[in-house]
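What follows is a single structure, written as structure tokens, with notes after it.
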Amino acid sequence: MAPLITHIYTADPSAHVFNGRVYIYPSHDRETDIKFNDNGDQYDMADYHVFSIDNLSPPGAVTDHGVVLKTEDVPWVSKQLWAPDAAEKDGKYYLYFPARDKQGVFRIGVAVGDKPEGPFAPDPEPIRGSYSIDPACFVDDDGQAYLYFGGLWGGQLQCYQQGNDAFDPAWQGPQEVTGDAVMAQGPRVGRLTDDMRQFADPVQELTILAPETGKPILADDHDRRFFEAAWLHKRGDVYYFSYSTGDTHFLCYATGSSPLGPFTYGGRILEPVLGWTTHHSIVEFKGKTYLFFHDCELSKGVDHLRSVKAKEIFYDDEGKIITTMAD
Ligand code: FUB
């Protein structure tokens, strides 16, 4: 399957349908001399482009709307504009983005625009109480918006095991099981205020349950535990929370009856792609369901030079997502 965008490297695609068109909000990967490490320093991105497309089967021409936000535009950011997302509410468009602040701590910022393709004006401070990476915004049918986020290792989620305000950089690795079973760390979610620019109340940890036990997935269950790349979509009354398992390279999903969970593990969406990271979004468009994802085919396997792709995916009669391959 061919990448959708080939003139620059793009990753972490968040796709949404706005005004009858698919808009894609990806990371913009760039060349760097920084060597691959588990902290993700090689993902050294400095700006965002927005793309749009009016057909996916087969894909039409992709419009590159150009740079909509860059490091220098945001007073609190030092580096690493990682995976963004966008949302629309009451005719305004909101771009959510993670980046390291001047102390090197990941926070999440918001920038506001009048059109899906921007331009976006960033708030001067990160969202109060935000941390870690990979924001994904879901606006429910009642208009309430939720921001999901979190990522292990370089994404620093493991540094918040003592609470939302207790950043402890001593936690530098994934949580390990020693002796008694340890629960996996959950992704975080916060309800957004009506103006979409702050959390309405303290963020919560989401629980992902193992179907066979009804108990939370454990930290050593690397094939199923949350690592990064949160996404939330709704089908009928069912909320699908999907994510990457990081070091085992799967995209998985879990379902629940509330946007705040708990969610029960449902299976894999995508088998490992070429490259270490895997990150996605799921969107309905013209009666079909599409998975947006990335791989490193265009760069011939360079982990930090990724390209966005899209493919149709399917549910079975029970609403389970049928696992697919990257091709
Ligand atoms: O693109 C940088 C990071 O790599 C993202 O934040 C993660 O989800 C992974 O794709």
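One-based numbering, in listed order, for ligands and for the atoms of each.
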> Would you call Met45 a ligand 1 contact, heavy-atom distance under 4.0 Å?
Replying inline: yes

>> When you measure from the heavy atoms of Arg306 to every atom of ligand 1, does any distance fall below 4.0 Å?
In response: yes

>> At less than 4.0 angstrom from any non-hydrogen atom of Asp134, what atoms of ligand 1 do you find?
In response: 5 (C), 6 (O), 7 (C), 8 (O)

>> Under a 4.0 angstrom heavy-atom cut-off, which atoms of ligand 1 come close to Ala83?
In response: 6 (O)

For [X] and [Y], indicate whether the former's side chain and the latter's backbone hold a donor-acceptor pair under 3.5 Å.
| X | Y | answer |
| --- | --- | --- |
| His249 | Glu271 | no |
| Arg107 | Ala99 | no |
| Ser244 | Glu228 | no |
| Lys309 | Met1 | yes |

Nearest protein heavy atom with distance in Å, relative to [atom]:
| atom | value |
| --- | --- |
| atom 10 (O) of ligand 1 | Asp12 OD1, 2.6 Å |
| atom 3 (C) of ligand 1 | Trp82 CE3, 3.8 Å |
| atom 9 (C) of ligand 1 | Glu228 OE2, 3.4 Å |

> Is the Phe293-Trp231 ring centre distance short of 6.0 angstrom?
Replying inline: no

>> Check this for me - ligand 1, His279, N or O atoms closer than 3.5 angstrom, yes or no?
In response: yes

>> For His294 and Thr277, which I'm curious about, is there any donor-acceptor pair between the side chains at under 3.5 Å?
In response: yes

